[in-house]
Every structure is written in structure tokens, then in C-alpha cells.
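Here is the structure we will look at, set down as C-alpha cells.
Just the heavy atoms: all of them, side chains too, but no hydrogens, waters or symmetry mates, feed the values below. Quick note on labels: first sequence line is chain A, next is B, and so on, each numbered from 1.
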Amino acid sequence: MKYPFELFKEEVKNFIRASLRELGCEGEVKIETPPAGKGDLSFACFPFSKLLKKPPEKIADEIASRFKESKWISKVVSENGYVNFFVNEKRLAQATIDIIKKLDESYGSLEKKHKKVIIEHTSANPTGPLHVGRARNPILGDTLVRIYRFAGYDVEVQFYVDDMGKQVAALAWGIKNIDPATLTPPSRDKPDHYFVRFYQKAYQLMQEKEEVNREISKIVKECEGGNEEILKMIEKAYMKVLDGIKQSLERLDIRFDRFVVESTFVKNGSVAKVVEALIKSGYARKENGAWYIDMKPFGIGDKRFYFVRSDGTTLYATRDIAYHLWKAERADMLINVLGEDHKLEAKQVEIALKILGAKVLPKVVFYSFITLPGGKMSTRKGRVVYLDDLIDEAMERAYEEVRKRRVDLSDERLKKIAEAVATGCVRYNIIRIQPEKDIVFKWEDALNFEGNSAPFIQYAHARACSILRKEKIEREEEIDATLLEHEQEIKLIKLLAGFPEVVNDACESNRPNLVANYLFDVASQFNQFYRDCPVLRAGDENLKRARLALVDCTRITLRNGLQLLGIKALEEM
RNA sequence: GGACCCGUAGCCUAGCCUGGAUAGGGCGACAGCCUCCUAAGCUGUAGAUCGCGGGUUCGAAUCCCGCCGGGUCCGCCA
């Protein structure tokens with residue numbers, strides 16, 4: 001099934017290809033979007049100027065003059081070396097509104113790819129609560145999950161649990177050896193906040209006392225040896241913290257299909273196989289009993305990638321390779337969401353996977369950490385804003401705002417709305433920005449409820465719902481969309497028609513921020529339509545039905561898009 | 001020091017991958033709009049050497065090189 005705008009685009013491409021062939025040349029046909037008012041699609045003739053030995057204006061003229069008539073193209077104009085194509089607006093309006101009404105919740109979704117994708121995200125050390133510095137990871141990851149599913153992929157979401165590092169070992173040691181009475185009270189009644197204190201204290205003691213350091217190191221070593229008893233003890237410790245992390249993410253509607261535990265790959269021998277295979281590959285060198293791969297031939301400067309220590313134990317990256325081989329056997333595509341501090345490790349894993357002939361290599365989406373105006377967040381230094389605190393603060397602010405506006409609603413209803421606004425706001429303000437861009441955390445930005453924000457989009461959706469509550473429109477109702485001729489109606493329809501392409505682009509390029517930008521545009525255009533085109537008081541009954549349908553289609557598109565961002569589409573606010 | 005990322009109005013940001021027609025938005029500022037479908041909205045004004053300098057090109061915010069500023073990494077840590 002093809003979407004209307006796609007059909008228009010294909011027709012334009014075919015027309016250009018045929019025209020160029022007649023003019024005597026072939027070439028990549030690159031279609032672009034012209035500035036407002038100059039058409040709906042355009043084609044630049046400059047690159048063909050040399051080939052055809054004609055000025056671009058002439059080529060554009062010749063192509064444009066070849067146009068007679070067609071289904072989707074209403075007009076072709078030559079201007080300054082460009083060929084501008086105008087869509088048949090009435091046809092687009094009718095086709096777009098028909099298809100949105102018909103597909104409803106699946107409008108914008110793409111055809112089934114019959115491909116399995118494993119998306120790994122968050123994978124935070126389960127030693128304490130998530131803080132805002134890392135909050136981009138789950139939000140990016142979960143949004144990608146939603147987009148990939150909508151784009152037709154079969155997605156499994158995984159959280160890789162590190163149960164073998166010094167961090168979890170410190171946590172486990174702390175819980176076992178520290179008297180809770182000596183700790184400051186937890187910042188809130190939640191397991192991750194409760195247990196992080198043991199981790200913090202243990203970490204501090206580890207640096208102060210050599211014996212503590214030795215004990216914790218011993219735990220780590222036992223884990224690497226696959227000591228079941230010690231691993232069980234560690235599991236008991238981190239599981240509670242992980243529960244707390246899950247609770248926080250649940251508030252943002254973020255869930256996982258599977259938690260994959262690192263030690264699994266030590267226990268089942270796959271890490272040993274990785275080591276063996278790497279040694280046999282011919283790329284490995286030995287030094288003082290430790291094994292490494294020289295990364296210079298792979299273009300990574302003068303770096304060594306150690307995968308076995310001199311005592312024979314493996315490293316984090318080594319185990320990560322085993323994990324990735326396991327994933328590669330189970331999926332057609334792998335996506336990882338990682339902080340930019342993992343760039344080198346990701347490169348090491350990738351090189352190893354290539355050496356070992358992995359079927360699938362992961363595509364990694366890196367993001368920059370969110371920092372505080374004074375610098376990096378640090379749990380241990382107490383310079384930190386927890387995700388829970390951010391959500392709570394957003395909730396309070398949102399509650400105040402709703403209460404100010406809606407004296408008519410019950411407190412229960414107000415809280416529901418506030419929650420949707422707050423969590424939407426948190427997700428939106430993070431997802432709307434390109435992952436690689438630095439974000440300096442400021443409360444006023446994070447809790448922005450106006451302009452380019454989640455509530456702005458939710459508000460447009462609520463407005464649409466409000467109109468539709470007053471006058472119903474049935475899915476089956478035949479409407480005459482050709483009556484929609486107002487400039488704002490046309491603008492809105494064209495924008496709605498572009499949704500599937502946005503989904504496709506966001507998915508293919510792993511840029512969820514495209515969806516956020518798009519929804520802001522739709523909401524903004526809808527607000528302008530709302531200003532210019534009365535719906536319930538449209539006068540003409542057929543026009544009213546058509547406008548109602550357009551409102552309904554906007555509602556559907558906004559809702560589907562918000563769904564992709566994990567933001568609740570409110571019916572009133 | 002080396003590698004990678006970022007640098008667009010007072011602040012935040014889109015566009016950069018795939019070069020193209022006057023660089024879009026938002027916040028904040030200023031001036032307006034609720035007898036009318038929710039003003040979390042709308043309109044208008046002011047505000048940009050697209051970090052700097054070269055190069056490639058008919059054409060550069062976009063590609064290449066150098067520099068400056070900020071971040072990340074450079075461990076037999078995770």
C-alpha cells in the first residue's frame with residue numbers, strides 16, 4: 001500500500017526521468033522541497049547543464065513544457081533553473097483524508113519488514129537511581145523502539161545487566177558489611193534510592209581502606225571465575241536497585257522485553273569461545289600473559305584492545321563481544337543506544353565482531369551526557385538531579401498549571417492530566433534535540449510548557465478532541481474533501497500527508513527528533529487552521545463535515561505521533 | 001598531545017548525512033488579540049559576520065583542509 005504523497009512523488013520522478021531521457025541524458029533524479037509558494041516538489045536542473053550543454057533555465061523550460069496532464073500533478077512551472085511541481089490539491093485532500101480515516105491508529109505505519117531488530121538501551125549499572133545525565137538513554141532507546149515497530153520491524157528491547165563489575169561488587173559488599181544505621185536517610189522511599197547509599201559508602205571506603213578494596217576486588221574476581229554463590233549474592237543486591245530503576249522508567253512508559261545478564265556469557269562458556277577465536281584469528285598478540293589486539297591496522301591510532309588480563313580473566317568488552325554474537329544470531333539488525341563515553345569500547349567490539357565474522361554488526365546511536373551548568377553530574381559528589389526528582393517537579397508544576405485552568409474538573413482528573421503533561425514534557429524536551437548535541441540541564445528549559453513543548457502538541461490534540469466531542473464524525477462517513485480550499489486547510493492536509501515519510505526518515509536515520517519537530521509543525525498549523533476556519537460554525541453543512549473530518553485526521557496524526565514519542569494524547573487539558 | 005563529537009540572533013534549536021531559490025522555529029523582549037469550536041493559543045516588531053580562515057563548485061550553514069572555543073575518550077575499569 002502506498003500513501004498519497006508518495007504516489008505524487010513517484011509520478012514526478014517518472015516524469016523527470018522520461019523528460020531527461022528525451023533530452024538525451026540519464027542521471028540520479030534528486031527531488032527536493034521548494035520554498036513555500038513555489039510548489040510542492042522541485043527539481044534542480046543545474047547538474048544537467050554541463051551534460052546537455054544548455055543553461056539550466058533552458059532545461060527547466062523544456063522539461064516543464066513537456067507536461068500535459070496527469071493524475072497527481074496539477075501544474076509544472078519552470079523558474080530560475082528549477083522545475084516546480086504542484087500537487088493536485090483536491091485529489092491529495094481527498095486521498096489523504098480517506099486514508100487517515102480508514103487506517104486510523106495505523107496511519108503512518110509502514111509495511112511489515114519481516115525483520116527482527118534487537119534494540120539495547122539504558123543498560124545502566126544497577127547501583128543506584130537513574131539521574132538526568134543519563135536520562136537520554138532510555139528516552140532515545142524507547143522512542144526508537146516505538147518508531148521501529150511502527151515502521152514495520154519486529155522489535156525486541158533489551159537491557160544488558162552488568163553483574164560483574166567493580167560497581168555492583170561494591171554495592172553487594174556494602175549491603176553485606178555496612179550498618180544501615182550509619183547511613184543518612186534515603187532521599188525517597190524507593191529501593192534504588194535506599195540501596196545507593198550502601199554503594200556510595202562502600203565506594204568511599206574502598207578508596208580509603210586497602211582491605212576493603214581487596215575484598216571488593218576479590219568479589220570481582222570470583223564473578224569472573226563464574227562463582228555461582230557470589231554471583232547469586234550480587235544478583236540479590238542489584239535486583240532491588242534494578243526494580244527501582246524499572247519503576248522510574250515505568251513512569252515514563254518505558255519497558256523492556258528482556259534483561260540479559262552479563263555473567264550468562266561467562267557461565268555458558270561463550271566468552272571463553274570468543275577468547276579462543278580471537279587468539280586463533282591471528283590478530284591477537286600476547287604480552288605478560290595478557291592478550292590484546294593492535295587496533296592500528298583498523299585505523300584507531302596507536303591503541304591496544306586488551307581482551308584477556310594476565311591473570312587469565314576477561315574484560316567488560318570481551319564479554320560484550322559474546323553478548324553481541326549472541327544477539328547477532330537472533331536478529332537481522334542490532335541497535336545500541338550508548339553514551340559518547342562508550343565510543344572507543346564500541347569500536348573495539350565492532351572490530352572484534354568483524355574479525356569473528358559476526359552476521360550482524362550493531363548500529364550505535366551515541367548521545368552526549370546532560371550536564372549541569374557547573375559541569376558533569378555525579379552521584380558520588382551529590383551534584384545530581386535524579387530522574388525521579390525531575391518527574392516529580394514536572395508533576396507539581398503541571399498540576400498547578402492544570403488547576404489554574406480547569407476549576408471544573410475533579411482532583412483525580414487533574415492529577416491524571418498533570419501526570420501526562422509532566423511525563424510528556426520530560427520526554428519531549430530530551431527527544432526533540434539531536435542526540436549528539438550537548439544539553440546543559442536547566443529547570444526552566446526542562447519544564448517548559450509553552451511553545452516547542454509536549455503540552456503545546458497535547459493541547460492541539462485536546463482542542464481537536466474538544467471539537468469532535470461537540471459534533472461526532474463517523475469513520476465510514478463519506479465526506480467531500482474537495483471543499484477544503486482555504487489556505488490553512490491545504491497547508492494542514494499537506495502536512496498530514498507527510499507523516500509516513502517522517503516515520504520512514506526517522507527510522508532509517510535513527511533520528512527520533514524528526515518526529516518531535518514534525519508534531520510541533522502539525523500542532524502549529526492546526527492552531528492556525530483553528531483560528532482561520534470555523535468548524536462547528538462553518539455555515540455550509542458539507543463544508544462543516546469536511547472540516548470535522550480534517551480535525552479528526554489531525555487528531556489521529558497527532559495521537560499516532562505522540563504515541564511514537566511515548567507521550568499521552570490527552571482528550572482534554 | 002592524539003582520536004571522535006559539538007559550535008546557527010541574549011538563550012535554546014531546525015536544516016548538515018544526500019550542496020541549490022529570501023537560513024525555519026521556540027524562549028525571552030516589545031506591541032496587539034478572549035460577546036467566537038479550550039488564550040498551555042494566535043498576530044506583528046526587533047534580533048544571525050550560520051565559530052574563524054582557506055579550498056572544491058555554476059552554487060557552501062551543508063563537502064574538504066587548517067585554526068579557535070567547548071565536550072568525550074585515550075585503563076590488563078565498566
Side-chain ion pair, A/E436 and A/R136, N-O less than 4.0 Å: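 Not counted as a salt bridge, because no side-chain N and carboxylate O are separated by less than 4.0 Å.
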Now, which nucleotide makes the Watson-Crick or G-U wobble pair with [N], with each of the two distances under 3.5 Å?
{"N": "B/U57", "answer": "none"}
{"N": "B/C33", "answer": "B/G41"}
{"N": "B/G2", "answer": "B/C73"}
{"N": "B/U62", "answer": "none"}
{"N": "B/U49", "answer": "none"}
{"N": "B/A21", "answer": "none"}

Give a yes/no answer on whether the side chain of [X] brings an N or O atom under 4.0 Å of OP1 or OP2 in [N].
{"X": "A/R531", "N": "B/C36", "result": "no"}
{"X": "A/Q528", "N": "B/G41", "result": "no"}
{"X": "A/R309", "N": "B/A78", "result": "yes"}
{"X": "A/Y530", "N": "B/A39", "result": "yes"}
{"X": "A/R537", "N": "B/C36", "result": "no"}

Looking just at side-chain N and O atoms, do [X] and [Y] make a donor-acceptor pair shorter than 3.5 Å?
{"X": "A/W173", "Y": "A/E215", "value": "yes"}
{"X": "A/E262", "Y": "A/Y316", "value": "no"}
{"X": "A/Y428", "Y": "A/N452", "value": "yes"}
{"X": "A/N288", "Y": "A/S310", "value": "no"}
{"X": "A/H342", "Y": "A/N336", "value": "no"}

side-chain hydrogen bond (donor to acceptor under 3.5 Å, both in side chains) evaluation trace for A/N448 with A/S453: CA-CA 6 Å; A/N448 172 32; A/S453 69; 4.8 Å; no
Positions of residues 370-377 of chain A (non-hydrogen atom under 4.0 Å from RNA chain B), listed by number: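 Here the set is A/K376.
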Within residues 339-347 of chain A: residues closer than 4.0 Å to RNA chain B (heavy atoms):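 Heavy-atom cutoff 4.0 Å gives A/E340, A/D341, A/H342, A/K343, A/L344, A/E345.
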Reading 5' to 3' through nucleotides 7-15 of chain B, protein heavy-atom contacts under 4.0 Å coded B for base, S for sugar-phosphate only, - for none: S----SSSS
Please enumerate all protein N or O atoms sitting under 3.5 Å from an N or O of nucleotides 67-69 of chain B, with distances to 0.1 Å.
none

Provide the distance between the two [atom1] atoms, one in [N] and one in [M], to the nearest whole Å.
{"N": "B/G24", "M": "B/U62", "atom1": "C1'", "answer": "15 Å"}
{"N": "B/U22", "M": "B/U35", "atom1": "C1'", "answer": "41 Å"}
{"N": "B/G66", "M": "B/C5", "atom1": "P", "answer": "13 Å"}
{"N": "B/C67", "M": "B/G28", "atom1": "P", "answer": "41 Å"}
{"N": "B/C63", "M": "B/C17", "atom1": "C1'", "answer": "11 Å"}

Counterpart residues, ring-ring contact (aromatic ring centres under 6.0 Å, His included), relative to A/F86 (two or more places apart):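 Residues passing ring-ring contact (aromatic ring centres under 6.0 Å, His included) with A/F86: none at all.
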A/E224 CD - B/C76 P separation (whole Å):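 It works out to 14 Å between those atoms.
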NA contact type, [X], heavy-atom cut-off 4.0 Å: base, sugar-phosphate, or nothing?
{"X": "A/V402", "result": "base"}
{"X": "A/S310", "result": "base"}
{"X": "A/C45", "result": "nothing"}
{"X": "A/D320", "result": "nothing"}

Within 45° cone and under 6.0 Å: A/R432 NZ/CZ vs A/F520 ring: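 No - A/R432 does not lie over the ring of A/F520 by the 6.0 Å and 45° rule.
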Cation-aromatic face contact A/R463/A/F526, 6.0 Å, 45 degrees: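 A/R463 over A/F526 ring: no.
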Between [options], which nucleotide has the shortest distance from any of its atoms to the side chain of [X]?
{"X": "A/E262", "options": "B/A21, B/C76, B/A78", "result": "B/A78"}
{"X": "A/S524", "options": "B/A78, B/A40, B/C42", "result": "B/C42"}
{"X": "A/E436", "options": "B/A78, B/C6, B/C37", "result": "B/C6"}
{"X": "A/N527", "options": "B/G41, B/C76, B/A40", "result": "B/G41"}

Syn/anti state for B/C34 [syn: chi within 90° of 0]: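 Syn conformation for B/C34.
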Distance-only donor-acceptor test, A/S453 side-chain atoms vs B/A40 base atoms, 3.5 Å: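 By the distance-only test, no, there is no pair.
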Pairwise 5' ranking along RNA chain B for A/E79 and A/R319, keeping only the more 5' one: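 It is A/E79, whose closest nucleotide lies nearer the 5' terminus.
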Could you list, one pair per line, each protein nitrogen or oxygen that sits under 3.5 Å from a nitrogen or oxygen of nucleotides 57-61 of chain B, together with the distance?
from, atom 1, to, atom 2, distance (Å)
B/C58, OP1, A/K50, NZ, 3.1

